[in-house]
Protein chains: 2
Amino acid sequence: MSGTSPDFTARLRAVGLRPTRQRVALARLLFEGEHRHVTAEGLHAEVRATRLPVSLATVYNALNQFRDAGLLREVVVAPGRSYFDTNTGHHHHFFVEPDGELHDFPSDKVTIAGLPTPPKGTRLSRVDVIVRVRR
Amino acid sequence: MSGTSPDFTARLRAVGLRPTRQRVALARLLFEGEHRHVTAEGLHAEVRATRLPVSLATVYNALNQFRDAGLLREVVVAPGRSYFDTNTGHHHHFFVEPDGELHDFPSDKVTIAGLPTPPKGTRLSRVDVIVRVRR
DNA sequence: AAGTTGTTTAGAACAGTTCTAAAAACTGAA
DNA sequence: TTCAGTTTTTAGAACTGTTCTAAACAACTT
């Protein structure tokens with residue numbers, strides 16, 4: 001137990017969210033280890049496995065709040081399902097098509113040149129690169 | 001009427017689809033003019049406006065068949081809604097965030113360098129670049 | 001401890017899409 | 001052309017992922 005033992009209570013408070021039992025449990029699952037990609041259903045199954053009863057609605061609420069607070073990033077790669085990525089830094093994605101697996105790759109080695117300028121009256125918000133692969 | 005007056009009946013037959021009244025009507029709407037992006041709901045509204053009654057299920061069926069036949073390409077940019085693009089060539093997309101507008105831009109001026117190699121056991125299928133912009 | 005406010009919950013509601021089984025339409029052969 | 005065989009369409013139900021609702025509950029303030 002050394003280094004940055006993460007205090008989820010404080011971290012939630014810092015973004016203006018009350019550290020409730022379920023939010024802390026979800027934050028622990030999401031932010032404790034390596035970066036990860038989750039769906040609402042998947043995270044719901046995980047948190048229930050910890051014997052803390054959390055409703056699916058709460059998982060959706062928390063994911064949306066965490067995203068709005070900048071703790072998560074939403075990734076849209078497949079129709080009809082949202083992924084949430086704990087890595088909020090600049091990076092892109094591999095998407096393994098049949099199974100829906102998602103992997104990060106850093107954007108710092110990737111250069112994109114020759115992008116056209118945004119349409120009139122708009123400003124750039126983000127550039128997503130999705131490398132779709134098949135088995 | 002000169003040049004390539006498009007014979008949708010033949011074009012559908014060429015990809016193994018019977019040229020039914022509703023498929024021909026949908027193909028006309030999709031492929032007659034400029035390239036376009038449609039949603040199932042939007043296309044359904046359009047075809048009904050031509051006074052030919054076509055069910056929403058048929059629009060979904062046709063869009064999926066056209067996509068499977070390589071006549072359309074599905075674009076996933078927003079959670080919970082699929083766009084279909086009549087442009088099946090290499091190109092990328094602008095996505096105007098609040099309104100859900102989608103615009104093509106050619107990929108021939110865009111260079112992407114430094115992409116990592118696909119994970120073991122997979123082969124590259126497609127690289128999507130989505131430039132998200134806001135008003 | 002009480003009051004205030006924010007959060008969670010189960011279940012209903014909703015949006016987009018797919019499925020079902022019966023009716024209708026296309027096709028090729030006679 | 002009519003016929004049989006097959007494919008397609010259809011209305012509506014079903015399904016999936018997500019959001020909403022209003023009541024119960026938990027967190028913060030005093």
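Throughout, a chain's letter reflects where its sequence line sits, starting with A, and its residues are numbered from 1. The shown structure was predicted, so the numbers you read here are calculated from the model rather than taken from an experiment.
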Taking 4.0 Å as the cut-off, does a side-chain nitrogen or oxygen of [X] come that near to OP1 or OP2 on [N]?
X: B/Arg13; N: C/dT27; result: yes
X: B/Thr58; N: D/dT10; result: yes
X: B/Arg21; N: C/dA25; result: yes
X: A/Asn61; N: C/dT8; result: no
X: A/Gln22; N: C/dT9; result: yes
X: A/Thr20; N: C/dG6; result: no

Write down the distance between [atom1] ([X]) and [atom2] ([N]), rounded to a whole number of angstrom.
X: B/Leu52; N: C/dA24; atom1: CG; atom2: C1'; value: 14 Å
X: B/Leu63; N: C/dG16; atom1: CG; atom2: P; value: 14 Å
X: B/Phe66; N: D/dT8; atom1: CZ; atom2: C1'; value: 12 Å
X: B/Tyr60; N: D/dA14; atom1: OH; atom2: P; value: 19 Å
X: B/Tyr83; N: C/dT17; atom1: OH; atom2: P; value: 10 Å
X: B/His44; N: D/dG12; atom1: NE2; atom2: C1'; value: 13 Å
X: A/Leu17; N: D/dA26; atom1: CG; atom2: C1'; value: 15 Å
X: B/Leu43; N: C/dT17; atom1: CG; atom2: P; value: 12 Å

Inset, instruction - Output the distance between atom NE2 (B/His92) and atom CG (A/Leu115), rounded to the nearest 0.5 Å. - result: 8.5 Å
Give the nucleotide from the list [options] with an atom nearest to the side chain of [X].
X: B/Asn64; options: C/dC26, C/dG16, C/dT18; value: C/dT18
X: A/Ala57; options: D/dT9, C/dT17, C/dA10; value: C/dA10
X: A/Arg18; options: C/dT7, C/dT17, D/dG17; value: C/dT7
X: A/Arg23; options: C/dT7, D/dA11, C/dT9; value: C/dT7

Legend entry - Pair B/Glu46 + B/Arg28: basic N to acidic O under 4.0 Å: no
Inset, instruction - Indicate yes or no: at least one non-hydrogen side-chain atom of B/Arg134 is less than 4.5 angstrom from one of A/Arg123. - result: yes
Inset, instruction - Could you pick out which residue, B/Phe84 or A/Leu56, lies toward the 5' side of DNA chain C when each is mapped onto its nearest nucleotide? - result: A/Leu56
Legend entry - DNA chain C: 5'-proximal contact among A/Ala62 and B/Glu74 (nearest heavy atom): A/Ala62
Inset, instruction - Compute the centroid of each ring, for A/His93 and then for A/His37, and state whether the two points are separated by less than 6.0 Å. - result: yes
Inset, instruction - For residues A/Phe105 and A/Phe94, establish whether the separation of their ring centroids is below 6.0 Å. - result: yes
Inset, instruction - Under 4.0 Å between any heavy atoms, over every strand shown, what does A/Ser82 touch: base, sugar-phosphate, or nothing? Just pick one. - result: sugar-phosphate
Inset, instruction - Report which part of the nucleic acid A/Pro79 touches: base, sugar-phosphate, or nothing (heavy-atom distance under 4.0 Å, all strands). - result: nothing
Legend entry - Geometric cation-pi criterion, A/Arg11 with A/Phe31: 6.0 Å, 45°: yes
Legend entry - Which residue lies more 5' along DNA chain D, comparing B/Arg48 with A/Ala40 via nearest heavy atoms: B/Arg48
